[in-house]
> 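Supplied in C-alpha coordinates, the structure appears directly below.
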Amino acid sequence: QEIATVPLASMADRPGMDRFRPTVKVYAEDEGACRQIAGVVRDTLEIAGHGVVSDGPEFDEMAKLYVHLSDWHLHESR
(Lines give C-alpha, C1' and ligand atoms only; values in the text may rest on other atoms or scores of the structure.)
Protein backbone atom coordinates (compact mmCIF):
# COMPACT_ATOMS: atom_id res chain seq x y z
CA GLN A 1 0.00 0.00 0.00
CA GLU A 2 1.64 3.23 -1.10
CA ILE A 3 0.84 6.20 1.11
CA ALA A 4 3.01 8.96 -0.37
CA THR A 5 5.86 9.62 -2.76
CA VAL A 6 8.11 12.67 -2.68
CA PRO A 7 10.90 13.57 -5.14
CA LEU A 8 14.12 14.56 -3.35
CA ALA A 9 17.02 16.56 -4.73
CA SER A 10 20.42 17.62 -3.38
CA MET A 11 22.11 21.01 -3.30
CA ALA A 12 25.18 19.55 -5.04
CA ASP A 13 23.19 18.48 -8.13
CA ARG A 14 23.60 14.78 -7.40
CA PRO A 15 21.17 12.32 -9.01
CA GLY A 16 17.74 12.63 -7.48
CA MET A 17 16.01 10.26 -5.12
CA ASP A 18 12.42 9.35 -4.45
CA ARG A 19 11.09 8.79 -0.97
CA PHE A 20 8.05 6.65 -0.48
CA ARG A 21 6.18 5.43 2.56
CA PRO A 22 4.57 2.01 2.24
CA THR A 23 2.48 0.30 4.89
CA VAL A 24 3.02 -3.44 5.32
CA LYS A 25 0.48 -5.74 6.98
CA VAL A 26 1.47 -9.29 7.88
CA TYR A 27 -1.29 -11.85 8.50
CA ALA A 28 -0.66 -15.28 10.07
CA GLU A 29 -2.60 -18.01 11.83
CA ASP A 30 -0.55 -17.83 15.03
CA GLU A 31 1.28 -15.08 16.91
CA GLY A 32 4.72 -16.67 16.61
CA ALA A 33 4.50 -16.98 12.82
CA CYS A 34 3.25 -13.40 12.58
CA ARG A 35 6.26 -12.15 14.58
CA GLN A 36 8.66 -14.24 12.51
CA ILE A 37 7.34 -12.97 9.16
CA ALA A 38 7.27 -9.37 10.45
CA GLY A 39 10.93 -9.82 11.45
CA VAL A 40 11.87 -10.95 7.94
CA VAL A 41 10.03 -7.94 6.48
CA ARG A 42 11.87 -5.64 8.92
CA ASP A 43 15.29 -7.15 8.15
CA THR A 44 14.67 -6.80 4.41
CA LEU A 45 13.28 -3.25 4.38
CA GLU A 46 15.85 -1.82 6.80
CA ILE A 47 18.42 -2.20 3.99
CA ALA A 48 16.68 0.58 2.03
CA GLY A 49 15.05 2.70 4.72
CA HIS A 50 13.79 2.82 8.26
CA GLY A 51 10.66 1.84 10.14
CA VAL A 52 8.40 4.62 11.36
CA VAL A 53 5.69 2.58 13.07
CA SER A 54 5.59 -1.04 14.21
CA ASP A 55 2.44 -2.38 15.86
CA GLY A 56 1.38 -5.88 16.81
CA PRO A 57 0.84 -8.64 16.41
CA GLU A 58 -2.78 -8.35 17.46
CA PHE A 59 -5.60 -10.80 16.85
CA ASP A 60 -8.10 -9.65 14.21
CA GLU A 61 -11.48 -11.07 15.19
CA MET A 62 -12.98 -10.57 11.74
CA ALA A 63 -10.16 -12.25 9.84
CA LYS A 64 -9.45 -14.77 12.64
CA LEU A 65 -5.74 -14.11 12.08
CA TYR A 66 -2.89 -12.29 13.83
CA VAL A 67 -1.91 -9.00 12.19
CA HIS A 68 1.31 -6.97 12.39
CA LEU A 69 1.37 -3.48 10.87
CA SER A 70 4.45 -1.44 9.97
CA ASP A 71 5.02 1.89 8.16
CA TRP A 72 8.32 2.62 6.42
CA HIS A 73 10.29 5.49 4.89
CA LEU A 74 12.23 4.14 1.93
CA HIS A 75 14.54 5.94 -0.50
CA GLU A 76 15.34 5.02 -4.07
CA SER A 77 17.97 6.67 -6.27
CA ARG A 78 16.93 7.77 -9.73
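Remember, predicted model here, so these are calculated numbers, not experimental data.
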> Which residue pairs satisfy the ring-ring contact (aromatic ring centres under 6.0 Å, His included) criterion with at least one member in residues 31-56, sequence neighbours excluded?
His50-His73

> Could you tabulate the donor-acceptor pairs under 3.5 Å formed by side-chain atoms of residues 55-64, not counting sequence neighbours?
unit_1, atom_1, unit_2, atom_2, d
Asp60, OD1, Met62, N, 2.9
Asp60, OD1, Ala63, N, 3.0
Lys64, NZ, Glu61, O, 3.1

> How far does SG of Cys34 sit from CD of Glu29, to the nearest 0.5 angstrom?
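Interatomic distance, Cys34 SG to Glu29 CD, rounded to 0.5 Å: 11.5 Å.
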
> When Ile, Leu, Val, Met, Phe, Trp and Tyr are grouped by side-chain heavy atoms lying under 4.5 Å apart, directly or through other members, which residues fall in the same group as Val67?
Tyr27, Leu65

> According to side-chain contact (heavy atoms from CB on, under 4.5 Å), who are the partners of Glu46, at least two apart in sequence or on a separate chain?
Arg42, Trp72

> Which value, rounded to the nearest 0.5 Å, describes the distance between His68 atom NE2 and Lys25 atom NZ?
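Taking NE2 in His68 and NZ in Lys25, the distance rounds to 12.5 Å.
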
> State, to 0.1 Å, how close Leu74 and Leu45 come at their nearest heavy-atom pair, and which atoms those are.
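Of all heavy-atom pairs spanning Leu74 and Leu45, the closest is CD2-O, 3.7 Å.
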
> Would you say Glu31 has more than 12 foreign heavy atoms packed within less than 6.0 Å of its CD?
yes

> Among Leu69, Val53, Val52, which residue satisfies the side chain to side chain contact (heavy atoms under 4.5 Å, CB included) criterion with Thr23?
Leu69

